[in-house]
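See structure below.
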Amino acid sequence: ITTTTKIKHLQNMTASENKSVLIIGATGRTGLACLRHFASSNYGAVHAFSRDKSKYSQKDAALCTSIIEGNARSTTDLERALSSSAANLVIVSVGNGDDVSKSDIRTTNAQALVQVLQSKPEFRSIRVIAVSSTGAGNSQIKVGLGIGKLIEHHLRHVLADHTGQEEAFAAIQDQVTLVRPTSLTEDAPTDNLIEFGDKVKSPTIKTDRADLAKWVVREAQTAEHQGTIVNVTGVKARKQ
C-alpha cells in the first residue's frame, strides 16, 4: 500500500466526531472485546452488527451508538449497516465460537462485504480490520515437537475458512489489515503483543482478546499495517 493511500484513508477520519466504526460479529468474545475498547478509547461512534440484539448485556448495549441486526452473509444487510452507521472503519470478527466443525461463515461474510465495498464509490475509502488466525493462508502453526501440525489438523476447517476469508479480502487489499492472532484466550492479558513471521516458531501460543482489541484500536488510529497481514501473539514483558 502506498503512503498516499494511507494518508487518504486517515484524512477521512481526522475529526473524532466523524469517526464511525462498524463491528461485525460484535456478540462474539473477540467482537465484544473490540466493542468495549473502542468505546473506552473515545474513538467515535461505535455501531454493532449481529444477528440478535438481545444477546447484548445492558451494559454492553449502552456502549453502542446503535445495534444493527442482520445476517453477516447478506450483501443487503451489510450495505444497510454501512449506510446507516456511516462507517469509515469496519471490524470483522465472525466465526462460530469454539466450534471447529466445517463452516464457511468467515469466507462468505468476506465475499459479501467485499462485494458491497466495491459497489459504491463512497464505500471504497472504508477501511477494514479483519481478525483471521495464525495457520491461515501461507502461515504455519509452529510450536515445537510437531504439536503445531496436530493443532493445524484439529483446526483444519476453521483455518480453511479463514484462508477463504483472506483470499476474498485480497480483492481490496489496500483497504484491509488482516491480523492473525495465536490461540485466543481471556483473563490473561500481557499488554504486550509482538509480531512474528509466517513460517517461524511462535514465541508463545496464546493471545488475550483484550490485548488483541487494544491492538485493533491502535491499528484503527494509525493504519500502520494497512494493506498487510500481521501475525501476533502475547508475550509477558520482562521485568526491569
Side-chain angles (χ1 to χ4, degrees), residues 1-15 18-25 30-31 34 37-38 41 43-44 49 72 75 78-79 81-82 85-95 106-140 159 161-182 193-200 202 207 211-233:
I1 185 171
T2 65
T3 302
T4 301
T5 303
K6 282 188 179 182
I7 291 172
K8 180 180 177 182
H9 284 298
L10 289 172
Q11 284 175 338
N12 290 331
M13 304 170 68
T14 50
N18 294 328
K19 290 181 182 178
S20 178
V21 58
L22 176 68
I23 302 174
I24 300 176
T30 304
C34 289
H37 278 81
F38 271 103
S41 71
Y43 177 84
F49 180 95
T75 54
L78 291 170
E79 181 175 352
L82 287 173
S85 65
N88 38 38
L89 173 68
V90 177
I91 306 301
V92 177
S93 178
V94 296
R106 302 163 184 87
T107 300
T108 54
N109 164 253
Q111 291 169 340
L113 182 58
V114 168
Q115 183 177 334
V116 172
L117 292 174
Q118 291 179 318
S119 68
K120 294 182 179 181
E122 60 267 31
F123 289 163
R124 291 175 188 167
S125 62
I126 296 174
R127 291 174 55 213
V128 178
I129 302 174
V131 179
S132 182
S133 173
T134 301
N138 294 323
S139 67
Q140 297 177 353
L159 296 177
D161 197 17
H162 274 304
T163 297
Q165 176 190 46
E166 293 186 4
E167 290 171 349
F169 279 128
I172 56 167
Q173 179 181 345
D174 283 358
Q175 292 174 244
V176 181
T177 301
L178 279 162
V179 57
R180 294 173 177 157
T182 50
L193 287 194
I194 66 168
E195 301 167 16
F196 61 98
D198 281 353
K199 293 179 170 58
V200 302
S202 170
T207 301
D211 289 337
L212 178 61
K214 289 179 184 177
W215 188 96
V216 168
V217 172
R218 185 167 60 252
E219 174 64 16
Q221 295 167 335
T222 66
E224 178 182 354
H225 301 92
Q226 189 175 325
T228 67
I229 303 175
V230 186
N231 303 295
V232 299
T233 194

Exercise. Any side-chain heavy-atom pair from K19 and F38 closer than 4.5 angstrom?
Worked result: no

For residues 128-139, please give each side-chain donor-acceptor pair under 3.5 Å, one per line with the distance, not counting sequence neighbours.
from	atom 1	to	atom 2	distance (Å)
S132	OG	E166	OE2	2.7
T134	OG1	R180	O	3.2
T134	OG1	P181	O	3.1
S139	OG	G135	N	2.8
S139	OG	A136	N	3.2
S139	OG	A136	O	2.6

Problem set entry | Non-hydrogen side-chain atoms of L117 and L82 separated by less than 4.5 Å | yes

Problem set entry | Check: R106 main-chain N/O paired with D161 side-chain donor or acceptor under 3.5 Å | yes

Exercise. Is there a donor-acceptor pair under 3.5 Å between the side chain of D174 and the backbone N or O of G227?
Worked result: no

For this session: State, with a plain yes or no, whether a side-chain heavy atom of F49 is found less than 4.5 Å away from one of V90.
Result: no

Problem set entry | Pairing of E224 and R218 as salt bridge, 4.0 angstrom limit | no

Exercise. Sub-3.5 Å donor-acceptor pair from the side chain of Q111 to the main-chain atoms of A168, do we have one?
Worked result: no

Exercise. Hey, is the main chain of H225 close enough, under 3.5 Å, to the side chain of E219 for a donor-acceptor pair?
Worked result: yes

For this session: Please check if the side chain of Q165 supplies one atom and the backbone of L159 the other of a donor-acceptor pair under 3.5 Å.
Result: no

For this session: Taking atom CD of Q115 as the centre, report whether more than 12 heavy atoms of other residues, nucleotides or ligands fall under 6.0 Å from it.
Result: no

Exercise. Given E195 and W215, is the side-chain contact (heavy atoms from CB on, under 4.5 Å) satisfied, shown in steps?
Worked result: CA-CA 11 Å; E195 301 167 16; W215 188 96; 4.3 Å; yes

For this session: Test side-chain contact (heavy atoms from CB on, under 4.5 Å) on L78 and N109 and set out the steps.
Result: CA-CA 9 Å; L78 291 170; N109 164 253; 4.1 Å; yes

